[in-house]
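Here is the structure we will look at.
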Amino acid sequence: MGSVLSRPERAVDYVPETVTRSVKLLVAGNFGVGKTTFVSSVSEIKPLRTEETITEASVGIDDMVGLPGKVNTTVAMDFGRITLNPQLALYLFGTPGQQRFVPLWEELARGALGALVLVDTRRIEKADEVLSVLEERGVPYSVAVNRFEGAQSYPLDEIRDALDLTPDTPLTALDARHRGTCLQSLITLVEFLFHRVETRR
């Protein structure tokens with residue numbers, strides 16, 4: 001098996017026979033933060049997408065501020081899979097970002113070990129709603145800042161303060177288009193979640 005950081009061929013969809021454990025994870029975040037791109041970047045299978053063209057029906061409902069080039073939106077979920085090591089497969093469920101889809105988040109959260117929350121520093125205040133939904137439902141999470149081209153870069157300590165994250169909440173940075181940085185954030189999340197499980201035994 002090649003390095004998990006290398007781009008897979010996506011030719012074979014079956015789970016390797018060596019896999020003995022699987023984990024369901026959410027990829028969450030507000031509207032337009034890069035969840036679909038993230039899942040597409042890391043998935044070793046052709047990802048399932050449920051995108052629709054944004055229409056005038058979204059006007060006044062979905063917050064398009066700061067997203068002038070966005071023409072599609074996820075209306076159900078994104079789904080992908082990554083074999084993190086020969087024994088462990090991650091099943092990734094990207095959630096829709098709009099508030100009107102919160103009931104769907106609740107269904108997707110069932111059985112999830114945790115969530116990776118993507119954040120856009122240009123609209124950082126939008127992350128509060130997503131974090132609140134996960135906290136209310138008891139879903140542990142880590143946070144990853146998606147570094148958009150042209151966006152101002154901030155130190156992670158400042159972002160941690162702005163989001164009022166607890167000291168033990170993992171915080172990383174990534175570019176959702178680049179598989180390596182995405183995988184590092186996923187590995188950080190998985191290590192955090194497994195550590196929580198072990199300390200509670």
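Contact check on R160 versus D157 returns no salt bridge, with no Lys/Arg side-chain nitrogen under 4.0 Å from an Asp/Glu carboxylate oxygen. Salt-bridge annotation for E129 and K126: absent, with no side-chain N of the basic residue lying under 4.0 Å from a carboxylate O of the acidic one.
Here salt bridge (Lys or Arg N to Asp or Glu O under 4.0 Å) pairs that include residues 138-149, with residues two or more places apart or in two chains, are E149-R177.
With sequence neighbours excluded, the residues forming a side chain to side chain donor-acceptor pair (under 3.5 Å) with T172 are S185, listed by chain and number. Annotation: side-chain contact (heavy atoms from CB on, under 4.5 Å) contacts of V19 (sequence neighbours excluded): V15, P16, T83, A89. Partners of Y141 according to the ring-ring contact (aromatic ring centres under 6.0 Å, His included) rule, which considers only residues two or more places apart in sequence or in another chain, do not exist here. Taking the side-chain contact (heavy atoms from CB on, under 4.5 Å) definition, one finds that R21 meets it with L88, F194, sequence neighbours left out. Not counting sequence neighbours, E136 has no partner by the salt bridge (Lys or Arg N to Asp or Glu O under 4.0 Å) test. A search for side-chain contact (heavy atoms from CB on, under 4.5 Å) contacts involving H178 returns D175, T181, not counting sequence neighbours. Residues forming a side chain to side chain donor-acceptor pair (under 3.5 Å) with E17 (at least two apart in sequence, or on another chain): none. Residues passing the side-chain contact (heavy atoms from CB on, under 4.5 Å) test with E191, sequence neighbours excluded: I187. Every residue two or more places apart in sequence or in another chain that forms a side chain to side chain donor-acceptor pair (under 3.5 Å) with D168 is listed here: T166. Residues satisfying the side chain to side chain donor-acceptor pair (under 3.5 Å) criterion with Y154, sequence neighbours excluded, are Q152.
To the nearest 0.5 Å, atom CG of residue L174 and atom CG of residue L116 are 7.0 Å apart.
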